[in-house]
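One structure is given below, encoded as structure tokens.
For the numbers below, each heavy atom of this structure counts, side chains included, while hydrogens, waters and symmetry mates do not. Here the structure is a predicted model, which means the values were calculated and not measured.
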Amino acid sequence: MSFDVAAVRGQFPILSEIIDGLPVHYLDNGASAQTPLAVIDAVRHYETTGRANVLRGVHRLAERATESYENARAQVATFLGVPTMEIVFTGGCTAAINLVAYSYGSLLKPGDRILLSEIEHHSNIVPWQLLRSRAGIELDMLPVTTDGRIDLEALPRLLTPRTKLVSLAHVSNVTGALLDVRAVVEAAKSVGARVMLDGAQRAPHGPLDLPSLGVDFYAFAGHKAYGPNGIGVLWGRPELLDAMPPFMGGGSMIGRVTLAETTWAPSPRRFEAGTPAIGPAIGLGAACAWMQALDWTGAHDHEMALVQRLMDGLQKIDGTQIFGPASLQNRYPVVSFMLDGVHPHDVAQTLDSFGVAVRAGHHCAQPLMDRFDLDGTTRVSMAPYNDNSDIDALLAGVAHAAKTLR
Amino acid sequence: MNDQLYQERIVALAKAKTGAGKLENPTKTVRRDNPLCGDRVIVDVKLDGEGRIAEIAHQVRGCLLCQASASALSAVAVGRDATGIAELRHDAERALGREPGETHEPFSAFAPVAAHKSRQDCVLLPLEALKDALA
Ligand SMILES: Cc1ncc(COP(=O)(O)O)c(C=O)c1O
């Protein structure tokens, strides 16, 4: 049976809104995805029947809250294919990367090296630059090919015995390119380096099996994966997490506190100082369960058919150029393009007048824009609930911008 | 479709590209960036002995609104000093609905941007650059 997009759409209330007389053609999922009723209901259920702090109370609401929070951790763990207690809830993907940069980073020595790439989101660059100024480590950058993939041919040259960590985007938020994780892990292992993946753009496209990927850390954001804002996930190998000092100090993360000294709780508590974002964590658990239940073979084929429709349609508009892989292999439904003579912000603004939401600009990847001398791109990022009408509305808008703005 | 922003006058200003380019031996060159959207403006001016603009040119790497604004500015900047340019700034602010009062050509063309707060800095960037050039 083919993928039932209407049934999926029906679970996302916002998609049937009419805003200023326009339908919602939401193609900015890479920035934030929409959220299904299952998530909204889970959060509402907590807020209305089980709201309390976690891990501290003996009363029944506190017990309910703790149970729901820990159940959410289990749902996320199932989604990533790892044991529950290896999941650390963070404030977001950025927070998860900063946690590793701070805590794992504090174990590094001056002269140690971290390997990143030119395609990275600022949140996988700036925390390492901060670490560099704190700890005297060095950063190396893998280049990017003209079709918008991280150039792994440079791996042997850039991996050194001093390289301690390789941190790369699993899927690019600009070009949609999927990283060849196997090749990265193999090469990193040969010099004893750890591998972290920024999974912000991969997690929204279905369950993962982290053990088979062979990586050491994985980060993603709740709001891009159909969950609430203010919540994200760090997964790390337990032996690494347990060797890392805390990122923040406070309640819940301690073994025992005296005024002289404090011992740390084991991971994940060690990294969840203070009252966590309980409702958002529960929502993210529900989002993971929702993704878990979706037919991703069908969903992926559907998303790729939309990418093909988009690429075919753009090709028919004079002066469009796609920045990213031309093939549908090893890519996810994030497509960046340029329209000759029209600035990406003007493309996006015109699309807004057609009810089409996209992102335009540098996508928090200024080094990549500089490398290819781009003013920015217009980015179309899809989710399983997008359909042909979204793509067709977008193409009509781009054609209109091409006709009127140049 | 629900297109109120890119009205003909704005598009015409951008396409006119008045003052687009560089000056030879400018008295001053100033570059201004908008870190949020990545728009960039470089303004060259030649000043007479009294601090008035004798010649102006601009290079815009940015959106249509920024180009239209640079073009509008170049069309009316010659002969003005810092005070005269500040008056134009007020005119732009009035067009954007950020100050009360009536606006005049050419900045009155930007009235549709009043409803698009996130795009107003695009209009103001060339004025910011020119203000720096005259400071
Ligand atoms: C590839 C990538 N990494 C990291 C992030 C940061 O996510 P957040 O802002 O939710 O922490 C994003 C979001 O834009 C992203 O696309």
Side-chain angles (χ1 to χ4, degrees), chain A residues 18-25 28 31 122 126 174 336 338-357 359-379 392-406, chain B residues 1-18 20-21 31-42 58-72 95-97 109-126 128-129:
Chain A
I18 298 291
I19 297 175
D20 299 332
L22 294 165
V24 175
H25 294 295
D28 193 19
H122 294 166
V126 184
V174 179
S336 267
M338 287 80 72
L339 176 61
D340 254 2
V342 185
H343 193 275
H345 282 132
D346 299 316
V347 176
Q349 188 87 53
T350 302
L351 289 174
D352 175 65
S353 63
F354 284 73
V356 178
R359 172 92 181 266
H362 55 59
H363 314 297
C364 297
Q366 277 177 347
L368 183 68
M369 299 295 130
D370 289 348
R371 159 71 181 77
F372 289 95
D373 197 27
L374 297 173
D375 289 338
T377 71
T378 303
R379 181 186 72 181
D392 294 348
L394 176 127
L395 291 169
V398 175
H400 182 78
K403 200 171 76 201
T404 56
L405 299 185
R406 60 181 184 185
Chain B
M1 201 189 55
N2 183 357
D3 194 3
Q4 286 140 3
L5 182 58
Y6 298 111
Q7 293 182 3
E8 262 171 50
R9 282 175 67 198
I10 294 183
V11 177
L13 277 169
K15 284 185 182 167
K17 292 191 190 300
T18 311
R31 171 178 149 180
R32 267 282 194 151
D33 289 8
N34 179 345
L36 282 182
C37 64
D39 281 358
R40 168 181 305 172
V41 176
I42 298 171
H58 63 80
Q59 300 158 72
V60 172
R61 190 156 179 185
C63 66
L64 186 114
L65 297 179
C66 193
Q67 291 173 28
S69 169
S71 188
L96 298 176
F110 293 96
V113 192
H116 297 268
K117 227 170 179 331
S118 66
R119 303 296 303 280
Q120 292 177 0
D121 284 346
C122 308
V123 177
L124 297 176
L125 196 66
E128 293 278 331

* **Interchain contact, B/Arg119 with chain A, by part (heavy-atom threshold 4.5 Å)** => side chain

* Separation between OG of B/Ser71 and NZ of B/Lys15, rounded to the nearest 0.5 Å -> 12.5 Å

* To do: Tell me, for A/Leu351 versus chain B, whether the close heavy atoms (under 4.5 Å) come from the side chain, the backbone, both or neither.
  => neither

* **Salt-bridge contact B/Arg32-B/Asp39 (side-chain N to carboxylate O under 4.0 Å)** => no

* Structure fact -> Rounding to 0.5 Å, atoms CG (B/Leu65) and NE2 (B/His116) come to a distance of 9.0 Å

* Tell me, for A/His345 versus chain B, whether the close heavy atoms (under 4.5 Å) come from the side chain, the backbone, both or neither. => both

* Tell me yes or no: between the side chains of A/Thr377 and A/His363, is some donor less than 3.5 Å from an acceptor? => yes

